[in-house]
Trainee: 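Handing you a structure now.
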Protein chains: 2
Amino acid sequence: MPRRVDHAQRRTEIGDALVRVAGRRGLHAVGMRDVAAEAGVSLRLVQYYFETKEKLLLYGLELLAERFGRRVSERLRAIEGGDGPGPRATIEALLMAALPVDAESRTFHHLYTSYAVLSVTDPALAAQPFISKPDAAEDAVAGLLQQARDADLLRPGVEPRLEAIGLLALSAGLGTAILVGQRGPEAATAVLRHGLDRIFRPQGPPPPSQATST
Amino acid sequence: MPRRVDHAQRRTEIGDALVRVAGRRGLHAVGMRDVAAEAGVSLRLVQYYFETKEKLLLYGLELLAERFGRRVSERLRAIEGGDGPGPRATIEALLMAALPVDAESRTFHHLYTSYAVLSVTDPALAAQPFISKPDAAEDAVAGLLQQARDADLLRPGVEPRLEAIGLLALSAGLGTAILVGQRGPEAATAVLRHGLDRIFRPQGPPPPSQATST
DNA sequence: GGTTTCGTGATACGAACGTACCATGATGAT
DNA sequence: ATCATCATGGTACGTTCGTATCACGAAACC
């Protein structure tokens with residue numbers, strides 16, 4: 001057999017090109033020729049590694065979800081590493097990492113929302129786990145809230161599951177608001193923090209007025 | 001001059017056809033011929049009343065926003081009429097009216113999100129007030145929260161403006177979650193109510209055990 | 001060393017799309 | 001009665017898109 005090529009790598013390169021050009025011009029405006037040009041290959045090669053456009057798009061969604069998952073995990077590890085700042089800071093970091101504040105997360109939000117819209121009318125997309133699944137993020141946040149509850153860090157009457165869903169939906173809603181320029185990142189983070197304030201007990205910031213200790 | 005036709009009405013009819021077919025097959029999949037067929041007119045007429053597709057799409061967004069505004073206003077008037085059930089019920093009704101629970105509001109959410117995504121890459125859409133404006137809904141909710149605060153119905157430490165933004169973003173996020181089938185309407189309303197519970201004081205539901213007053 | 005198969009290029013094809021062009025009743029003004 | 005003009009139909013044009021087809025070089029296996 002002739003020269004073997006790493007198909008997985010080629011597919012990743014082309015999928016990356018798809019994400020880049022779609023992030024720039026919108027998912028609706030992207031064609032196979034654009035992806036080929038962005039990846040620096042011929043149209044035929046895009047056809048070769050992804051036989052149809054639909055498969056290419058599905059792969060792009062996979063790529064997007066995987067990248068984003070890694071991004072959030074890295075942020076979390078960076079926060080939790082060493083001291084372990086408690087559930088509140090962890091949740092805050094997780095939700096912040098999901099906001100479209102830099103180019104990478106903007107692209108993610110933009111394209112993910114595009115896919116979500118398409119999934120309303122496209123059954124193949126709707127079947128993708130990233131669209132339909134109850135989401136691993138929900139479990140993570142709910143787990144952290146449960147931890148916080150066990151440590152008596154939460155206000156009374158807080159339902160971890162409901163709050164987790166709510167926080168995630170809030171973060172998503174703020175994300176699109178940022179994306180379309182309705183809000184700035186600062187306003188969104190303020191809203192998010194305020195939302196957490198109403199879930200967590202007012203933590204005693206060591207009263208700075210009187211003598212702190214010595 | 002020859003037979004005069006009510007242009008505004010024709011435009012509304014065609015715009016309605018756009019909204020219907022886009023709601024069914026997705027905004028990305030709709031062409032001028034589809035709109036013409038749905039409206040029961042010839043392709044030429046669609047061109048005649050909207051010279052270009054872009055103008056047709058812009059008009060569709062206008063139509064959508066206006067319809068939705070009316071819908072919410074009607075719901076509010078229906079709730080407030082007569083007794084005036086207080087800010088909490090009003091806010092709840094407003095946010096509920098925005099959730100995609102029936103076909104009409106599903107279509108609205110679907111298409112509005114489609115337009116929002118397009119506006120990320122299309123300056124003409126981004127300039128539309130429905131995308132960029134701070135939103136009248138925010139003022140309404142913030143005003144109601146302020147009322148509630150003056151009546152001492154809110155928990156301490158609640159910032160009306162921030163909460164209004166948060167509630168709207170939460171509602172939007174839950175809306176897309178419903179739209180893509182991630183959540184059911186029941187879960188979403190539960191989350192919304194719970195969110196309101198943490199803003200409003202636990203209202204004394206007249207303690208049913210002991211003697212209420214007399 | 002031949003041959004089979006993989007990787008790649010160039011190009012062609014049919015469909016659909018937005019738009020433009022031409023034609024023609026119908027009708028109100030003169 | 002004539003005519004200018006509004007409303008509408010039919011259709012053609014150029015482009016772009018996804019996909020299919022043909023062709024060829026190179027390398028591993030016999």
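Worth saying up front: this structure is predicted, and the values here are computed from it rather than measured. Chain letters run A, B, ... following the sequence lines, proteins first and then strands; every chain starts at 1.
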Trainee: OP1 or OP2 of dA7(D) less than 4.0 angstrom from a side-chain nitrogen or oxygen of His7(B), does that happen here?
Mentor: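 Affirmative; the distance criterion is met.
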Trainee: How many whole angstroms separate atom CZ of Arg33(B) from atom P of dG9(D)?
Mentor: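 After rounding, the gap between these two atoms is 15 Å.
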Trainee: With a 3.5 Å cut-off and heavy atoms only, can you find an N or O donor on one side and an acceptor on the other between the side chain of Arg44(A) and the base of dG7(C)?
Mentor: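 No, the side chain and the base share no sub-3.5 Å donor-acceptor pair.
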Trainee: Which is more 5' along DNA chain C, the nucleotide nearest Glu54(B) or the one nearest Val41(A)? Just name the residue.
Mentor: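 On the 5' side of the pair lies Val41(A).
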Trainee: Between atom CZ in Arg25(B) and atom P in dA16(C), what is the gap in whole Å?
Mentor: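 So the two atoms are 12 Å apart, to the nearest Å.
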Trainee: Write down the distance between NE2 (His28(A)) and P (dC17(D)), rounded to a whole number of angstrom.
Mentor: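 That distance rounds to 12 Å.
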Trainee: Please figure out whether Asp34(A) or Gln47(A) has its closest DNA chain D nucleotide nearer the 5' end.
Mentor: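 Closest to the 5' end, via its nearest nucleotide, is Asp34(A).
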Trainee: Quick one: which of dG18(D), dG9(C), dA12(D) gets closest to the side chain of Met32(A)?
Mentor: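 From the listed options, dG18(D) comes nearest.
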Trainee: Nearest to the side chain of Leu43(A) - dT19(D), dT21(D), dA7(D)?
Mentor: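 From the listed options, dT19(D) comes nearest.
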Trainee: Taking the six-membered ring for Trp, are Phe68(A) and Phe108(A) parallel (under 30°), tilted (30 to 60°) or perpendicular (over 60°)?
Mentor: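 Rings of Phe68(A) and Phe108(A): parallel, under 30°.
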Trainee: What is the nucleic acid contact for Tyr49(A), judged by heavy atoms within less than 4.0 Å: base, sugar-phosphate only, or nothing?
Mentor: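 Sugar-phosphate: the residue Tyr49(A), judged by heavy atoms under 4.0 Å, touches backbone atoms but no base.
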Trainee: Is a donor on one side and an acceptor on the other found under 3.5 Å between the side chain of Arg11(B) and the backbone of Tyr49(B)?
Mentor: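 Here the side-chain-to-backbone pair exists.
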Trainee: Is the phosphate of dT8(C) approached by Tyr48(A) (side-chain N or O, under 4.0 Å from OP1 or OP2)?
Mentor: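 No, Tyr48(A) has no side-chain N/O under 4.0 Å of OP1/OP2 on dT8(C).
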Trainee: Looking at dT8(D), does its base get a donor-acceptor pair with the side chain of Arg10(B) below 3.5 Å?
Mentor: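 Donor-acceptor pair under 3.5 Å: no.
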Trainee: Hey, are His194(B) and Glu163(A) close enough side-chain-wise for a donor-acceptor pair under 3.5 Å?
Mentor: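 Result is yes, a qualifying pair exists.
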Trainee: Looking at dT19(C), dG9(C), dT19(D), which one has an atom nearest to any side-chain atom of Ser42(A)?
Mentor: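 For the Ser42(A) side chain, the nearest candidate turns out to be dG9(C).
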Trainee: Do side-chain atoms of Thr107(B) reach the backbone of Gly23(B) as a donor and acceptor pair under 3.5 angstrom?
Mentor: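 Pair absent, no side-chain N/O of Thr107(B) close to backbone of Gly23(B).
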